[in-house]
Amino acid sequence: MEGIQHKFIHVNGLNMHVTKKGQGPIVLLLHGFPELWYSWRHQIVYLADHGYRAVAPDLRGYGQTTGAPVNDHTKFTVPHVVGDLIGLLDAITDEGEKVFVVGHDWGAYIAWHLCMFRPDRVKAFVSLGVVFFPWNPNGDMADLLRQEYGDDHYMARFQKPSEIEAEFAKMSYQTFMKKFLTLRDPGQLFFPKGKGFLHSPPDVPVTLPPWLSEEDIEYFASQHKKAGITGGINYYRALHLSWELTSAWRGAKVMVPTKFVTGDMDVGYHMPGVKDYVNNGQFKKDVPLLEEVVVIEGAAHFINQEKPDEINKHIIDFIKKF
């Protein structure tokens with residue numbers, strides 16, 4: 001992609017692959033499983049064209065970033081990844097400089113904690129598809145979802161090392177990416193042992209939507225083939241340890257100006273209690289500087305790729321106020 005620069009920054013023992021474009025205030029773009037920096041391709045160009053410096057790192061375990069101990073999921077906790085981001089910000093910002101943050105999926109989950117741990121480093125935050133999850137004394141997210149939906153729920157299936165990787169290995173990386181990125185079922189995601197994606201049977205070909213090309217799939221697939229998918233799945237396997245390590249933030253609020261945007265077909269928006277949390281005022285209590293909630297009709301989980309023009313406008317309209 002023309003004008004986009006790639007470099008490696010040494011952070012916390014990692015060689016972090018960082019993609020950037022533009023000059024001006026920094027907008028840090030954070031992705032989630034199974035995405036890479038490339039999932040922000042539309043936002044990177046748009047932000048650069050509107051006077052911002054878009055910075056999209058491959059987080060530990062993803063893409064071209066190397067050095068993470070992929071075989072040890074305990075090194076993929078929320079504090080580890082937030083620490084990586086602080087190291088990155090130390091490397092690319094001037095002293096006292098705050099940045100804008102936009103996060104999607106796991107990138108949003110990590111960004112919520114970045115804002116909670118270090119509001120001194122964040123000017124404003126746009127979360128795509130993932131609300132703030134306050135520390136829950138009843139347990140970590142994966143365990144709670146297992147209790148609610150059983151052992152076939154995807155977060156439960158992701159817990160045992162190597163098991164889900166072996167199942168995914170039965171298909172090509174191209175097929176793997178197509179089945180994830182075209183997910184439009186707002187119900188919970190299940191992977192019964194040996195049956196693959198319930199929402200997309202193995203013998204049914206995947207038709208790509210207009211917003212996703214074969215070239216896009218090929219890039220995602222090639223990068224995951226090099227790095228593997230264990231790094232991204234380790235974020236799920238570290239959920240319990242993250243829960244233990246963040247218990248000191250029980251009851252803490254996120255004190256950063258925030259905008260939340262989701263699709264009405266996003267699986268995250270249909271997780272137990274999320275809609276009520278967003279609409280009954282508790283979200284605003286936990287995030288006092290929450291300025292706006294936007295639910296885009298007809299949009300699913302990978303909203304920044306599916307609806308790039310709308311998402312670009314939502315981002316710019318919010319951050320330009322600061």
Side-chain angles (χ1 to χ4, degrees), residues 32-34 59-61 68-83 103-114 116-117 127 129-168 180 183 185-199 229-254 262 266-278 280 282-283 286-287 301:
F33 184 76
L59 302 179
R60 65 167 57 202
V70 176
N71 293 325
D72 183 359
H73 70 268
T74 67
K75 298 299 190 293
F76 287 78
T77 68
V78 166
H80 280 101
V81 186
V82 173
H104 177 254
D105 194 271
W106 265 106
Y109 188 80
I110 297 298
W112 280 114
H113 287 84
L114 171 65
M116 184 168 65
F117 296 165
S127 179
V130 176
V131 296
F132 175 61
F133 289 97
W135 192 85
N136 191 331
N138 295 318
D140 67 87
M141 188 186 307
D143 189 48
L144 294 175
L145 286 168
R146 177 191 280 112
Q147 293 174 31
E148 180 79 15
Y149 293 109
D151 291 338
D152 288 343
H153 190 274
Y154 79 99
M155 285 202 194
R157 288 297 322 280
F158 282 8
Q159 294 304 307
K160 187 175 179 180
S162 301
E163 184 176 90
I164 198 68
E165 288 95 326
E167 291 206 25
F168 289 155
F180 261 108
L183 174 65
D185 185 346
Q188 293 302 302
L189 192 58
F190 295 97
F191 292 120
K193 287 186 178 181
K195 295 184 179 180
F197 296 73
L198 280 191
H199 71 277
I229 61 172
T230 298
I233 293 175
N234 278 341
Y235 287 62
Y236 296 93
R237 292 175 179 151
L239 274 169
H240 187 77
L241 183 55
S242 291
W243 175 77
E244 292 181 348
L245 295 175
T246 57
S247 61
W249 283 269
R250 178 175 182 165
K253 299 182 184 301
V254 176
T262 191
D266 192 321
V267 62
Y269 190 51
H270 291 267
M271 288 179 68
V274 168
K275 281 187 180 180
D276 287 342
Y277 177 71
V278 170
N280 67 11
Q282 189 58 49
F283 192 15
D286 291 333
V287 187
H301 183 64

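Nothing fancy with the numbering, it's 1 onward along the sequence.
- Ring-centre distance between F180 and F33: below the 6.0 Å cut-off.
- Aromatic rings from H80 and F76 are positioned such that their centres are separated by 6.0 Å or more.
- L189 CG to H270 NE2: the interatomic distance, rounded to the nearest 0.5 Å, is 13.5 Å.
- When side chains are defined from C-beta on, Q188 counts as touching M271, because their heavy atoms get closer than 4.5 Å.
- Between Y154 and F158, the two ring planes are perpendicular [angle over 60°; tilted spans 30° to 60°].
- Salt bridge status for R237 with E165: present, with a side-chain N to carboxylate O gap under 4.0 Å.
- Inter-residue side-chain proximity for V287 and W112 is flagged as met; some heavy-atom pair is nearer than 4.5 Å.
- With values rounded to the nearest 0.5 angstrom, N136 atom CG is found 10.5 Å from T246 atom OG1.
- Rounded to the nearest 0.5 Å, atoms CG (D276) and CG (N280) are 6.0 Å apart.
- By the 4.5 Å heavy-atom criterion applied to side chains, M141 and M155 are counted as neighbours.
- Here the OG1 atom belonging to T230 is positioned 12.5 Å from the CG atom belonging to D72, to the nearest 0.5 angstrom.
- Side-chain contact annotation: H240 with D143, donor-acceptor N/O pair under 3.5 Å absent.
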Using the rule given for side chain to side chain contact (heavy atoms under 4.5 Å, CB included), can you reason through V78 versus W243, listing the C-alpha separation, both sets of side-chain angles and the distance that settles it, and then say yes or no?
CA-CA 9 Å; V78 166; W243 175 77; over 6 Å; no
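- What you find for Q159 and A142 is that their closest heavy atoms are NE2-CB, 3.6 Å.
- By the 4.5 Å heavy-atom criterion applied to side chains, Y235 and R60 are counted as neighbours.
- Taking 4.5 Å as the limit, every side-chain heavy atom of V254 sits out of range of all side-chain heavy atoms of D286.
- Residues H104 and V130 are not in side-chain contact: their nearest non-hydrogen atoms beyond the backbone lie 4.5 Å or more apart.
- Put simply, CZ on F191 and CD on E167 are 9.0 Å apart, with the number rounded to the nearest 0.5 Å.
- From L245, atom CG reaches atom OG1 of T74 across 9.5 Å, with rounding to the nearest 0.5 Å.
- No donor-acceptor pair under 3.5 Å is formed between the side chain of N138 and the backbone N or O of L144.
- Counting only heavy atoms from C-beta outward, the side chains of V267 and D185 never approach each other to under 4.5 Å.
- When every heavy atom of A68 is checked against every heavy atom of G61, the shortest pair comes out as CB-N, 4.0 Å.
- Counting only heavy atoms from C-beta outward, the side chains of W135 and S247 approach each other to under 4.5 Å.
- Of all the heavy atoms in V278 and V131, the pair that sits closest is CG2-CG1, 3.6 Å.
- Heavy-atom minimum distance, P79 versus S242: CD-OG, 4.4 Å.
- Residues that satisfy the salt bridge (Lys or Arg N to Asp or Glu O under 4.0 Å) test with E163, not counting sequence neighbours, are R157, K160, K193.
- Heavy atoms only, all atoms of each residue included: F283 and F132 are closest at CE1-N, 3.8 Å.
- Smallest separation of non-hydrogen atoms from N234 and V70: ND2-O, 2.7 Å.
- Distance alone, capped at 3.5 Å, is enough to place a donor-acceptor pair between the D266 side chain and the G268 backbone.
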